[in-house]
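Report on one structure; see the data block that follows.
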Amino acid sequence: IRGRRTEVPESAPGARMFPTCATRRARRGQGAEEVGESAGGGEERPARHPPAPALRLPNRKAQGGSEGIKTPENDLQGGLLSRGPLAAPPAPGMGDSGGQPGRCSAHAPGDSAHAGAGAAALNGLLHNGFHPDTAPPRVPLLAELQPQPQLPQHDSPAKKCRLRRRMDSGKKNRPPFPWFGMDIGGTLVKLVYFEPKDITAEEEQEEVENLKSIRKYLTSNTAYGKSGIRDVHLELKNLTMCGRKGNLHFIRFPSCAMHTFIQMGSEKNFSSLHTTLCATGGGAFKFEEDFRMIADLQLHKLDELDCLIQGLLYVDSVGFNGKPECYYFENPTNPELCQKKPYCLDNPYPMLLVNMGSGVSILAVYSKDNYKRVTGTSLGGGTFLGLCCLLTGCETFEEALEMAAKGDSTNVDKLVKDIYGGDYERFGLQGSAVASSFGNMMSKEKRESISKEDLARATLVTITNNIGSIARMCALNENIDRVVFVGNFLRINMVSMKLLAYAMDFWSKGQLKALFLEHEGYFGAVGALLELFKMNDDQ
Amino acid sequence: MAECGASGGGSSGDSLDKSITLPPDEVFRNLENAKRFAIDIGGSLTKLAYYSTVQHKVAKVRSFDHSGKDAEQDHEPPYEISVQEEITARLHFIKFENTYIEACLDFIKDHLVNTETKVIPATGGGAYKFKDLIEEKLQLKVDKEDVMTCLIKGCNFVLKNIPHEAFVYQKDMEPEFRFQTNHANIFPYLLVNVGSGVSIVKVETEDMFEWIGGSSIGGGTFWGLGALLTKTKKFDELLHLASKGQHANVDMLVQDIYGGAYQTLGLSGNLIASSFGKSATADKEFSKEDMAKSLLHMISNDIGQLACLYAKLHGLNRVYFGGFFIRGHPVTMHTITYSINFFSKGEVQALFLRHEGYLGAIGAFLKGAEQDNPNQYSWGENYAGSSGLMSTSPELCPTQRARSGTFDLLEMDRLERPLVNLPLLLDPSSYVPDTVDLTDDALAREYWLTCFEEALDGVVKRAVASQPESADAAERAAKFRQKYWSKLQTLRHQPFAYGTLTVRSLLDTREHCLNEFSFPDPYSKVKQKENGVALKCFQCVVQALDALGWEERQLALARGLLAGNVFDWGAKAVSDVLESDPQFGFEEAKRKLQERPWLVDSYSKWLQRLKGPPHKCALIFADNSGIDLILGVFPFVRELLLRGTEVILACNSGPALNDVTYSESLLVAERIAAMDPVVHSALQEEQLLLVQTGSSSPCLDLSRLDKGLATLVRERSADLVVIEGMGRAVHTNYHAALRCESLKLAVLKNAWLAERLGGPLFSVIFKYEVPAE
């Protein structure tokens with residue numbers, strides 16, 4: 001099912017409008033409904049393009065395969081669609097049926113600078129870099145964003161409103177290329193880039209030089225400048241986003257290189273592409289002014305937790321090139337039998353989401369739009385790296401982890417047995433439990449003989465266990481038994497993942513399950529990219 | 001996670017200092033009578049506990065055999081005073097650095113005379129390490145006790161027995177320490193012990209507690225990691241570094257990431273987003289101070305966060321913090337408090353304990369002394385023998401932390417009788433005896449400390465005069481002077497040293513110091529003389545009263561109570577008059593009284609009440625000996641008895657100033673009974689009962705009263721409480737709310753206090769209160 005979306009014939013994208021509607025249909029909690037309604041109310045914007053109902057109605061009528069799906073949207077459209085049980089999930093393959101090939105081509109991507117349809121077409125050509133005629137219809141663009149297997153669940157009235165307006169106006173909107181989503185964190189900038197692979201020869205010809213060079217540069221390299229890295233192994237291939245088929249690339253570079261990046265944007269005259277740069281993370285706020293002043297780019301700032309959740313749900317729904325995105329560790333308390341296993345996160349709520357970046361945020365997620373930040377801790381990935389740098393003189397996360405992998409934390413930590421000679425029975429504590437992190441380092445002799453590797457390992461174990469401990473307490477207080485750990489602290493960090501899996505299982509006597517995701521640190525950036533599409537949809 | 005006492009002693013405790021010469025008078029006091037020991041050895045500090053007996057000189061009073069042949073009629077004292085030796089029990093606790101352990105054990109060995117015990121209960125991480133040394137030196141078998149059990153026993157003990165044990169710490173506030181009044185029920189609570197690791201224990205009853213969690217990030221992490229980062233070896237030095245650092249140079253703040261606050265979540269820009277986050281990205285050097293500060297914040301915040309999560313999960317809001325990471329350090333108390341406030345959004349208060357360092361030793365001692373059942377007694381902190389909070393804090397005097405300062409003492413006296421709440425208190429949990437909190441009120445503090453300093457020479461003179469036959473009285477009095485003077489100086493700088501500073505605590509401290517130097521009752525002779533003079537006038541006064549009409553008599557009785565109260569050797573203004581003019585008499589005192597309307601005057605309401613049905617039973621707390629008791633209180637008592645009201649007359653168990661003691665009151669009552677048939681029959685028929693308060697203070701704490709008194713109050717259904725005197729009715733209990741009617745009477749013999757209350761010297765307080773229905 002996960003792979004199905006990418007199998008949809010590109011020639012029939014309009015068909016996906018109805019699955020899209022289905023995704024917008026079901027609401028799970030009255031509370032969320034209300035919140036969504038009010039949010040939707042605030043989104044009213046005047047249509048900037050003349051509506052084109054004539055184009056849309058036939059299209060909708062053609063949706064023979066959408067029987068049994070009732071959505072408030074299509075209901076509002078005049079009851080043209082038959083009703084069905086509210087909670088019924090879309091039938092598999094439904095989206096493939098009865099599509100009407102791209103008939104909406106007359107619509108230009110939304111660009112507020114253009115008023116008339118003709119002008120829009122022209123400007124679309126110029127700004128988009130593609131010929132509008134060849135572009136897939138805009139109507140289904142939301143459909144592509146929605147994970148079809150989960151259609152009934154994650155939807156907001158706000159989006160229903162957006163969709164309704166779109167249907168009313170019949171506008172066609174797709175953001176101009178290039179498509180980026182950016183998450184500017186405290187330590188790392190995460191960038192996702194959608195590389196369209198369905199570019200026709202004609203499109204290619206029309207593609208402005210600037211855009212082409214960006215595309216070629218990003219996709220033909222795996223490292224950029226001194227510190228930019230493309231995580232090739234994470235690339236999502238053959239993905240359809242916003243009606244276009246392509247690959248999603250995952251790139252990161254240190255936040256301290258942000259100014260170089262902005263400078264580059266300025267030099268490459270990125271602003272001439274008139275793209276909207278969707279950015280989240282604290283840096284979106286911190287660097288907004290620099291983007292504007294130096295590179296003449298207007299950032300579209302997004303909340304990092306919103307993006308994180310939307311990005312996570314999206315990536316999980318599309319899967320990891322046919323493999324599952326989510327996994328857990330079987331037998332976490334037995335090092336010999338412990339192994340990675342796929343986990344189906346189709347029904348993820350409620351979940352405790354632990355985002356481990358430089359610092360840590362812990363969220364309780366009850367539905368796609370209903371979540372709260374429970375707490376956070378400043379002891380996170382930044383602390384691990386910061387302390388490792390100070391203690392061992394290392395310079396990178398990779399170096400620190402490499403050392404940690406070779407070290408033994410029990411030389412650094414004081415264990416229960418170091419104090420009690422064995423288990424502390426009065427309180428049922430095992431002798432092997434850590435009583436005091438870095439406790440052995442109170443002794444001068446031990447400080448003088450300790451290895452850097454041991455110190456790195458102890459730092460890693462200390463930070464990880466602490467996050468595990470706080471997460472576990474939050475899970476208990478919130479009464480949630482699934483704990484999803486994400487964030488770049490987990491990148492290439494099997495030690496921490498297994499420790500977390502162990503800690504959740506052991507201290508809860510098997511009640512809590514630790515879950516992990518392959519694209520651990522990139523969800524915020526993906527969420528930002530998804531907002532780019534929604535934003536254009538709104539216009 | 002479970003470790004409680006620090007055991008990272010390797011870094012500081014390995015080289016034992018044998019050269020120390022101990023000041024025996026000050027440190028191991030009363031060792032020759034030590035009966036039983038316990039020891040708690042932590043990572044850097046050793047806490048030794050011993051139970052000992054103290055021989056006190058006490059002034060006993062008894063009736064003469066009435067041969068009375070050669071006594072001159074006019075000067076015959078009403079009873080005889082003799083000084084006797086009395087033995088009371090005392091708990092001693094001494095805290096010192098592990099460095100001195102061998103020297104201390106040697107000292108103990110040399111001075112130990114007659115210990116009965118063969119074992120020494122030991123606790124703490126270091127107990128194992130020093131086991132052989134202790135067994136060899138003391139010839140006692142080390143009996144290892146569970147660390148956590150000891151800690152909790154100790155915690156329960158101090159919470160029950162030491163008023164103002166727990167406090168809230170507020171940096172940069174005046175006062176920094178806000179002490180909590182003891183709750184009758186101390187359970188349930190959460191104890192977060194931050195030793196080298198962190199243990200979180202839920203305590204539900206005396207014997208029921210549960211380890212509910214912990215963390216490995218604790219004091220050992222601060223110390224170990226701090227030592228690695230800053231090359232600073234000692235814990236205290238690390239804390240000192242931290243107190244000078246700027247954590248924002250090392251930590252990544254929200255504003256470093258966002259450029260400002262994270263608005264949507266309402267996270268302030270100054271919050272730490274990532275501890276040590278900047279040390280990962282910058283190629284620069286970081287100062288030791290900044291790293292230490294960042295580390296301190298990281299660990300304190302983490303502990304606070306976990307404590308809040310556990311408190312929330314278990315629905316508890318009383319959270320006490322202890323362990324060597326806290327150990328009274330303002331720096332860590334502040335960061336922990338900050339963290340708790342932040343993470344609990346003010347729902348949980350971080351509470352600290354004045355004697356937190358002693359909990360393990362106290363607990364180990366209690367475990368070892370179970371056959372004596374120490375929990376059945378009430379204990380009282382001896383202010384004379386205890387060091388007080390922060391006495392050795394490096395923060396206060398980081399440069400001059402002299403060796404002698406490293407010995408911290410706590411002494412607790414076993415009280416002869418268990419103390420309980422007065423059953424008539426309206427709300428025992430909110431009752432605060434003291435009217436003015438001198439820790440809070442800097443002006444009042446300044447005034448009273450000066451007042452007590454100025455009065456000191458007079459007290460010394462009187463103490464010497466009270467023992468004319470003693471050769472060393474002057475010498476002891478000088479020592480007393482020095483001790484109390486230094487206590488007053490300590491309190492000037494650290495008003496929080498013994499809990500909330502009050503006039504009561506200043507008075508009690510003086511009494512403790514006097515006792516310490518064997519001046520058990522400096523006023524015994526004065527009281528004897530005054531009682532004699534007053535007894536002679538009793539019949540005359542009663543006859544005069546009886547001659548008055550009913551309404552006039554009621555007013556005369558009230559004025560008599562008040563006039564008697566002018567005679568108070570404790571108040572400097574009066575003692576000046578009395579010493580210069582011994583003829584100053586009862587009548588003169590009455591003349592000196594303010595005319596009605598008094599400063600606080602509900603006499604009319606009282607008179608109205610007297611026209612109604614008699615009270616069932618009145619509880620009267622008497623104040624001074626002599627004229628006050630005999631010519632003021634007894635006529636008033638007699639009138640109540642005649643109305644058909646039973647009277648419980650409560651006097652102090654032990655001496656304090658010229659306050660009448662229980663034993664004196666018995667003799668006086670006997671003499672009055674001989675003259676007065678009303679009192680005579682009332683005593684015989686138990687309509688008049690004399691009881692002791694359980695206190696030896698010039699003030700009155702209604703939450704710590706003799707159990708017998710409380711029982712009697714309940715049995716007789718007392719419905720009127722009369723509290724007399726400045727100490728009992730103004731310095732304390734002025735605002736006390738009772739379930740029954742009450743009379744609070746005093747003459748303000750202190751100009752400053754009178755002015756504060758808005759009246760002249762010798763203003764009258766006549767406060768009659770009826771509880772709301």
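Computed from heavy atoms alone, side chains included, the values below leave out hydrogens, waters and symmetry copies. Per chain, numbering begins at 1; letters A, B, ... match sequence-line order.
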**OP:** List the steps and the verdict of side chain to side chain contact (heavy atoms under 4.5 Å, CB included) for B:Ser216 and A:Asn465.
**Re:** CA-CA 9 Å; B:Ser216 66; A:Asn465 276 338; 5.6 Å; no

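- In the model, A:Ser378 has a side-chain atom that pairs as donor or acceptor with a side-chain atom of B:Ser275 under 3.5 Å.
- B:Ile217 has its side chain out of reach of A:Phe438: every pair of non-hydrogen atoms, C-beta onward, lies at least 4.5 Å apart.
- Proximity to chain A (any heavy atom under 4.5 Å) is shown, for B:Ala227, by both the backbone and the side chain.
- In this structure, the side chains of B:Trp223 and A:Met441 stay at 4.5 Å or more apart for every pair of heavy atoms.
- Residues B:Thr264 and A:Glu304 form no side-chain contact, since every pair of their non-hydrogen atoms from C-beta on lies 4.5 Å or further apart.
- The contact between B:Phe209 and chain A is made by backbone and side chain atoms together, counting heavy-atom distances below 4.5 Å.
- Counting only distance, with no hydrogens or angles, the side chain of A:Thr383 and the backbone of B:Phe276 share no donor-acceptor pair below 3.5 Å.
- In terms of heavy-atom pairs under 4.5 Å with chain A, the best-connected choice from B:Ser294, B:Gly226, B:Gly224 is B:Gly224.
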**OP:** Show the numbers, then the answer: is there a side chain to side chain contact (heavy atoms under 4.5 Å, CB included) between B:Met291 and A:Leu390?
**Re:** CA-CA 10 Å; B:Met291 289 189 288; A:Leu390 292 172; 3.7 Å; yes

Subject >> CA sep, side-chain torsions, deciding dist, call: B:Leu267, A:Arg373, side chain to side chain contact (heavy atoms under 4.5 Å, CB included) >> reply: CA-CA 11 Å; B:Leu267 299 179; A:Arg373 184 177 185 273; 4.0 Å; yes

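- Put simply, the side chain of A:Cys474 reaches to within 4.5 Å of the side chain of B:Leu309, judged on heavy atoms.
- Side-chain N/O atoms of B:Tyr310 and A:Asn477 include no donor and acceptor closer than 3.5 Å.
- B:Leu295 does not touch chain A: none of its heavy atoms, backbone or side chain, sits under 4.5 Å away.
- The side-chain heavy atoms of B:Tyr262 and A:Leu305, taken from C-beta on, include a pair separated by under 4.5 Å.
- Within 6.0 Å of atom OH in B:Tyr338, 12 or fewer heavy atoms from other residues, nucleotides or ligands are found, so the atom counts as exposed in its surroundings.
- A donor-acceptor contact shorter than 3.5 Å links the side chain of B:Ser279 to the backbone of A:Gly386.
- Taking 4.5 Å as the limit, every side-chain heavy atom of B:Ile257 sits out of range of all side-chain heavy atoms of A:Lys286.
- Both the backbone and the side chain of B:Leu225 come within contact range of chain A, judged by heavy atoms closer than 4.5 Å.
- The contact between B:Ile272 and chain A is made by backbone and side chain atoms together, counting heavy-atom distances below 4.5 Å.
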